[in-house]
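Following: one structure in structure tokens, then a few remarks.
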Number of protein chains: 2
Amino acid sequence: MLKVDMDTKVKFLHGFSHKTRIQILECIKNNEKTVTQIIEDIRSSQSSISQHLACLKGCGLVVGRQEGKYVYYSLRNQKVRELLTMFDDVLEDVENDVACCENHIS
Amino acid sequence: MLKVDMDTKVKFLHGFSHKTRIQILECIKNNEKTVTQIIEDIRSSQSSISQHLACLKGCGLVVGRQEGKYVYYSLRNQKVRELLTMFDDVLEDVENDVACCENHIS
DNA sequence: ATAACATATTAGAAATACCTAATGTGATTA
DNA sequence: TAATCACATTAGGTATTTCTAATATGTTAT
């Protein structure tokens, strides 16, 4: 197991730190989708979705492939998919305690 | 597999969205530590560490137990530990691409 | 009881992230 | 080639998060 650079890890995990981004990840978890499809699925603006997709790409979580005028986004690889599954797994356990806490850091 | 509430998931994942919090999690990954020990390990102020610990507790990632005047913090459970390990695992794969991306969403 | 230690909390300033609105770019269709 | 469609980018206002500095709380030792 190689040592992973901390700043890289911070950047990577930043990808999961916003509701819209999490929704995007779940939305494309099982099959790739175009930006338009993602916009339809998630209730948010084109610009916002596009910016979050750029973020997710930068974080290394998703990849996009262009096909004609469409861009198809999908999870980067199987491991990212497993990670998303694992979140649900861990959360089943944690759910009750998290639910009753209302504040972030401040 | 139960369905996990989205807002709960967002709150949970928020725990991983700051360098100091990630450092704390790694710092206590293998054994519980007092706040003072954590402060010594991570270069940050007492107040900041304490606030981040409260955040992590609220996110359901860590638990604290008081013993005399000390409070020992540790990961909530084995699954959270596995999650941290999995981050490293996924990152080995992603590292190069993340490293060459400099911006967050903006 | 007083002092010292460990930790938590608060308030407000500073930094960062996010959204909206507008514009830009590249591909396809007419 | 002009128009349209799909998507990306930018700028700047707004909201949220984080840090610092100060103070509070609870525990142990003197």
Side-chain angles (χ1 to χ4, degrees), chain A residues 6-7 9-25 27-28 32-59 61-74 98 101-106, chain B residues 6-7 10-25 27-28 32-59 61-74 98 100-106:
Chain A
M6 173 57 76
D7 290 338
K9 186 182 291 193
V10 171
K11 196 178 288 178
F12 175 76
L13 292 175
H14 175 76
F16 300 104
S17 71
H18 192 276
K19 181 171 184 172
T20 301
R21 290 197 290 275
I22 297 169
Q23 286 177 310
I24 291 173
L25 291 170
C27 166
I28 63 175
E32 62 175 14
K33 286 188 181 160
T34 68
V35 178
T36 302
Q37 286 177 310
I38 295 169
I39 292 168
E40 279 164 10
D41 280 21
I42 300 168
R43 208 181 155 5
S44 193
S45 72
Q46 181 267 321
S47 174
S48 181
I49 296 284
S50 188
Q51 289 176 73
H52 282 299
L53 281 168
C55 176
L56 287 167
K57 193 156 56 171
C59 294
L61 289 168
V62 310
V63 292
R65 83 179 166 82
Q66 182 139 18
E67 190 177 307
K69 60 180 177 178
Y70 298 100
V71 178
Y72 288 86
Y73 281 94
S74 56
V98 177
C101 162
E102 62 290 332
N103 54 346
H104 281 173
I105 186 176
S106 52
Chain B
M6 172 58 75
D7 290 338
V10 171
K11 196 178 290 180
F12 175 74
L13 291 176
H14 174 76
F16 300 104
S17 72
H18 192 277
K19 182 170 184 172
T20 301
R21 289 196 290 275
I22 298 169
Q23 287 177 309
I24 291 173
L25 291 170
C27 164
I28 63 175
E32 64 175 12
K33 287 188 181 159
T34 68
V35 178
T36 302
Q37 286 177 309
I38 295 169
I39 292 167
E40 279 165 9
D41 281 19
I42 300 168
R43 207 184 156 1
S44 192
S45 73
Q46 182 267 322
S47 173
S48 182
I49 296 283
S50 187
Q51 289 176 74
H52 282 299
L53 281 168
C55 175
L56 287 167
K57 193 156 57 173
C59 294
L61 289 168
V62 309
V63 292
R65 81 179 169 81
Q66 181 141 17
E67 189 178 307
K69 59 180 177 178
Y70 298 100
V71 179
Y72 288 87
Y73 281 94
S74 56
V98 177
C100 65
C101 161
E102 62 289 333
N103 54 345
H104 281 171
I105 186 177
S106 53

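Small disclaimer: the values here were computed from a predicted structure and weren't measured. In what follows, chains carry the letters A, B, and so on, assigned in the order in which the sequence lines appear, proteins first and then strands, with residues in each chain numbered from 1.
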| query | Distance check: side-chain N/O of B:Thr36 vs OP1/OP2 of C:dA6, anything under 4.0 Å? | reply | no

| said: OP1 or OP2 of C:dT16 versus the side-chain N and O atoms of B:His18: is any pair under 4.0 Å? | reply: no

| said: Taking side chain to side chain donor-acceptor pair (under 3.5 Å) as the definition, give me every residue that meets it alongside A:Glu32, ordered by chain and number, with sequence neighbours left out. | reply: A:Arg65

Checking contacts here: which listed nucleotide ([options]) is nearest the side-chain heavy atoms of [X]?
{"X": "B:Tyr70", "options": "D:dT18, D:dT20, C:dT7", "answer": "C:dT7"}
{"X": "B:Val71", "options": "C:dA8, C:dA21, C:dA11", "answer": "C:dA8"}
{"X": "A:Arg21", "options": "D:dC19, C:dA6, C:dC18", "answer": "C:dC18"}

| request: Assign A:Tyr73 to base, sugar-phosphate, or nothing according to its heavy-atom contacts below 4.0 angstrom with the strands shown. | output: sugar-phosphate

| query | With a non-hydrogen cut-off below 4.0 angstrom, is B:Thr34 in contact with a base, only sugar-phosphate, or nothing? | reply | sugar-phosphate

| task | Fit a plane to each ring of A:Tyr70 and A:Tyr72, take the angle between them on a 0 to 90° scale, and name the class: parallel (under 30°), tilted (30 to 60°) or perpendicular (over 60°). | result |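 Tilted, since the angle between the ring planes falls between 30° and 60°.
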
| note | With B for base contact, S for sugar-phosphate-only contact and - for none (protein heavy atoms under 4.0 Å), nucleotides 22-30 of chain C reads -----SS--

| query | What is the distance from CD1 of A:Ile49 to P of D:dA8, rounded to the nearest Å? | reply |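 Distance check: A:Ile49 CD1 to D:dA8 P gives 11 Å.
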
| request: Could you check how far NZ of B:Lys19 sits from C1' of D:dC19, rounded to whole Å? | output: 15 Å

Should [X] and [Y] count as side-chain neighbours, where that means a heavy-atom distance under 4.5 Å?
{"X": "B:Ile38", "Y": "B:Leu53", "answer": "yes"}
{"X": "B:Leu13", "Y": "A:Ser17", "answer": "no"}
{"X": "B:Gln37", "Y": "B:Cys27", "answer": "no"}

| task | Carefully, step by step, assess A:Lys19 and B:Asp7 under the rule side-chain contact (heavy atoms from CB on, under 4.5 Å). | result | CA-CA 8 Å; A:Lys19 181 171 184 172; B:Asp7 290 338; 3.1 Å; yes

